[in-house]
Number of protein chains: 2
Amino acid sequence: MADRIRVLVVDDHPVVRQGLRTFLDVQDDLEVVGESADGTSCVDDAERLGPDVILLDLRMPGADGVSALHGLREAGNPAKVLVITSFTEPSAVLPAVRAGASGYVYKDIDPPALAAAIRSVHAGHVLLHPDVARLLAAGEARPGGAELTARERDVLLEVARGRSNREIARALSLSEKTVKTHVSAILGKLGVQDRTQAALHAVRSGLVRP
Amino acid sequence: MADRIRVLVVDDHPVVRQGLRTFLDVQDDLEVVGESADGTSCVDDAERLGPDVILLDLRMPGADGVSALHGLREAGNPAKVLVITSFTEPSAVLPAVRAGASGYVYKDIDPPALAAAIRSVHAGHVLLHPDVARLLAAGEARPGGAELTARERDVLLEVARGRSNREIARALSLSEKTVKTHVSAILGKLGVQDRTQAALHAVRSGLVRP
DNA sequence: ACGGTCCTCGGTCGATGGACCTAGGTCCTC
DNA sequence: GAGGACCTAGGTCCATCGACCGAGGACCGT
C-alpha cells in the first residue's frame, strides 16, 4: 500500500539494525526505508528518505542520539522520533524528550509492542515506557532536577573518565578550585554522594560510552 | 543439507537475537536451531538442542555469560562457544577464554565476518578479534595481571555500585580497614589509580550491569 | 539599568581515600 | 609440617575530596 509508515532505523550495531528491520518488515503497515549507523548520517538520511518515524538509539559513537535529535530539529525535519535504548536513567530521558523525542522505549521490548509504539508515535502521541514515565514524573517532581549546565557536563565527562580534579583542571585549563565547585554542583544536581556515583550515573545515562 | 552448523543464539535482547538469526539464516551452511534469553536457560537449551556453536552475549541479566560458560562446561556440553559482546576490557576477555570460550568478537562485526567466525570456531580454531588478542597478549605479558580473588570481586562489585568503604564494610560485615586493604589490592591488580576508575573498569568489563 | 544565571576562583575544614607496613588465622598443597 | 595463597585487621601518614562560605565578571532578557 502507498501509505505505509516509513521508518528509518538508527543504531550503530548492524546486528541490531537487522533485527529491527526484520521485526518491522513483517508488519503490513510498516516499511523500513533506511538504516543509519550514527547520528550525523542519520540527519542526512532522514532528509533524503523522508521517513515518518525514526527509531533512534541514544548511545552511539560520534554524534550521540541527543545530538541527532537536535540536528533533526534544526533541519526542520517533521519525522517523529522514537528513542529505543537500554539506558534507564531519567537524566537520559529528560534531555531526549526535551530535544523532541516522541517516545522512549527499552530495547528489551517485544516486536508487537514495538510496532504498536511506532504506530502510536506516528499518530502523534507521545509514548513512554511505564518506567520511563514514572522516572520522568519523579524528575519533574523535584524541580530543577538533573539539569546540568554545559560546563558541568564537560566536567562530568572528565569525572566519568576517571580523572582527578587536578587532571580535569589541567585538561580544561581551569583552577582546581573551579573544578571542585563544578563537581559539587554536579553531585548536588544528580543527587549523588561522590564522584564515583556521579561517574556511574554518567555511564548509566549514556552520557559517556563505556 | 544434513550437516549444517547448528547455532544457538543467546542474548537477552529479542532485537539482537532476531538480527543474528536473520544474518545467519541466509548462510547456506548455518542453521539457527534456537534462541535463549539468559544464561540459565542457555545451558538447558544447549543440552536439549545440541548446537555445534553457541553465540553468547557476555552481559545478561540473571546468570551472566561467564556463568553460562561454566554451566556448559560442567554439563559436559561439547558445543563451541563464540562470545559476542560490546565490551572491550581484557578483564572481561580473560575469564571468558579461561571459562572455555573458543572465540571473542565484538558486536559491531559485519555479517560475513560473523559467519566466517562461526565456521572457524566450529572447525576447532580459537578466534579472537585482533584487539582482543592484543589485550590478551598484553594481559599475559604482565603475569598475575587482572586476576581478582573472589573477595576482591565482592568488594569491587560494591565499589562499582558507588558505595563508600564504610558502606561496603557494613554490607559485607567487615572492618573498614579490611575493605581498604581489598580496595588497594584491586587498584593494584587493575592498574588504576582510584576507586572511580575501578568502578568504571568494572562497568566496562561487564562485571556489573549499568 | 536591573536581576538572574553561569563561569570563574578563593579560603577553610573535616571526612574520606589510599599507600605502605605488619601480622594472625584458615585452608590447601606439596 | 612447611610453604603459600587468601581473608582479616590494625597502624601511620599524606593527598584528595567535598561541603560551606564568599565574590567578581560575563552574558542574558526584561
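Heavy atoms only: backbone and side chains are in, while hydrogens, waters and symmetry mates are out.
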Next item on the list: Decide yes or no on side-chain contact (heavy atoms from CB on, under 4.5 Å) for Gln197(B) and Asp194(B), but give the supporting numbers first.
Entry: CA-CA 6 Å; Gln197(B) 292 181 10; Asp194(B) 54 46; 3.5 Å; yes
Notebook entry, point to check: Can you list the stems that include DNA chain C, where a stem is three or more consecutive Watson-Crick or G-U pairs with distances under 3.5 Å?
Noted result: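 Result, WC/G-U stems under 3.5 Å: C:3-30 with D:1-28.
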Item checked: Nearest-nucleotide 5' precedence on DNA chain D, Ser175(B) against Thr181(A) ->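 Looking at the nearest nucleotide for each, Ser175(B) comes out on the 5' side.
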Note to self: If you assign Thr149(B) and Glu176(B) each to the DNA chain D nucleotide with the nearest heavy atom, which residue ends up on the more 5' nucleotide?
What the structure shows: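 Here Thr149(B) is the residue nearer the 5' end.
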Starting at atom [atom1] of [X], determine the distance to atom [atom2] of [N], rounded to an integer number of angstrom.
{"X": "Glu152(A)", "N": "dG18(D)", "atom1": "CD", "atom2": "C1'", "result": "15 Å"}
{"X": "Leu190(B)", "N": "dG18(C)", "atom1": "CG", "atom2": "P", "result": "12 Å"}
{"X": "Gln193(B)", "N": "dC17(D)", "atom1": "CD", "atom2": "P", "result": "12 Å"}
{"X": "Leu187(B)", "N": "dA15(D)", "atom1": "CG", "atom2": "P", "result": "18 Å"}
{"X": "Lys189(B)", "N": "dG18(C)", "atom1": "NZ", "atom2": "C1'", "result": "17 Å"}
{"X": "Lys180(A)", "N": "dC13(C)", "atom1": "NZ", "atom2": "C1'", "result": "10 Å"}

Note to self: Please determine whether the number of non-hydrogen atoms from other residues, nucleotides or ligands lying under 6.0 Å from atom CZ of Arg166(B) exceeds 12.
What the structure shows: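 12 or below, so no.
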Check: Under a 4.5 Å cut-off applied to non-hydrogen side-chain atoms, are Val105(B) and Val83(B) in contact?
Finding: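 Result no, sub-4.5 Å side-chain heavy-atom pair not found.
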Notebook entry, point to check: Between Glu167(A) and Glu158(A), is a side-chain contact (heavy atoms from CB on, under 4.5 Å) present by the stated rule, with each step listed?
Noted result: CA-CA 9 Å; Glu167(A) 290 172 322; Glu158(A) 296 295 323; over 6 Å; no
Next item on the list: Could you tell me which non-hydrogen atom of Arg6(A) sits nearest to which non-hydrogen atom of Leu49(A), and how far apart they are?
Entry: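 Of all heavy-atom pairs spanning Arg6(A) and Leu49(A), the closest is NH2-O, 2.7 Å.
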Compare the minimum distances between each of [options] and the side chain of [X], then state the nucleotide with the smallest one.
{"X": "Leu174(A)", "options": "dC6(D), dT8(C), dT12(D)", "result": "dT8(C)"}
{"X": "Arg195(B)", "options": "dC9(C), dT8(D), dG17(C)", "result": "dG17(C)"}
{"X": "Val183(B)", "options": "dG18(C), dT8(D), dG18(D)", "result": "dG18(C)"}
{"X": "Thr178(B)", "options": "dA19(C), dA19(D), dA9(D)", "result": "dA9(D)"}
{"X": "His182(B)", "options": "dG10(D), dC17(D), dC7(D)", "result": "dC7(D)"}

Note to self: Here's a test for you: under side chain to side chain donor-acceptor pair (under 3.5 Å), which of Asp12(A), Asp44(A), Asp45(A) qualifies with Ser36(A)?
What the structure shows: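 Filter result, single survivor: Asp45(A).
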Item checked: Salt-bridge present (Arg4(A), Asp52(A); N to O < 4.0 Å) ->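 No, no charged N to carboxylate O under 4.0 Å.
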Item checked: Asp57(A)/Lys107(A) ion pair, N-O < 4.0 Å ->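 A salt bridge is present here (some side-chain N lies under 4.0 Å from a carboxylate O).
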Next item on the list: Supply the atom-to-atom distance Ile84(A) CD1 to Ile54(A) CD1, rounded to the nearest 0.5 angstrom.
Entry: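 Between atom CD1 of Ile84(A) and atom CD1 of Ile54(A) there are 14.0 Å.
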Check: For DNA chain D, what residues of residues 154-173 of chain B have any heavy atom nearer than 4.0 Å?
Finding: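 Output list: empty, so none.
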Check: Closer than 4.0 Å, any side-chain N/O of Ser184(B) to the OP1 or OP2 of dA19(C)?
Finding: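 Looking at the OP1 and OP2 atoms of dA19(C), one of them is under 4.0 Å from a side-chain N or O of Ser184(B).
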Check: Can you find an N or O donor on one side and an acceptor on the other, under 3.5 Å apart, linking the side chain of Lys177(B) with the base of dT12(D)?
Finding: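 Side chain to base: pair found, below 3.5 Å.
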Notebook entry, point to check: When you look at Val33(A) and Glu31(A), which way does the side-chain contact (heavy atoms from CB on, under 4.5 Å) test go after all the steps?
Noted result: CA-CA 6 Å; Val33(A) 295; Glu31(A) 177 185 11; 4.1 Å; yes
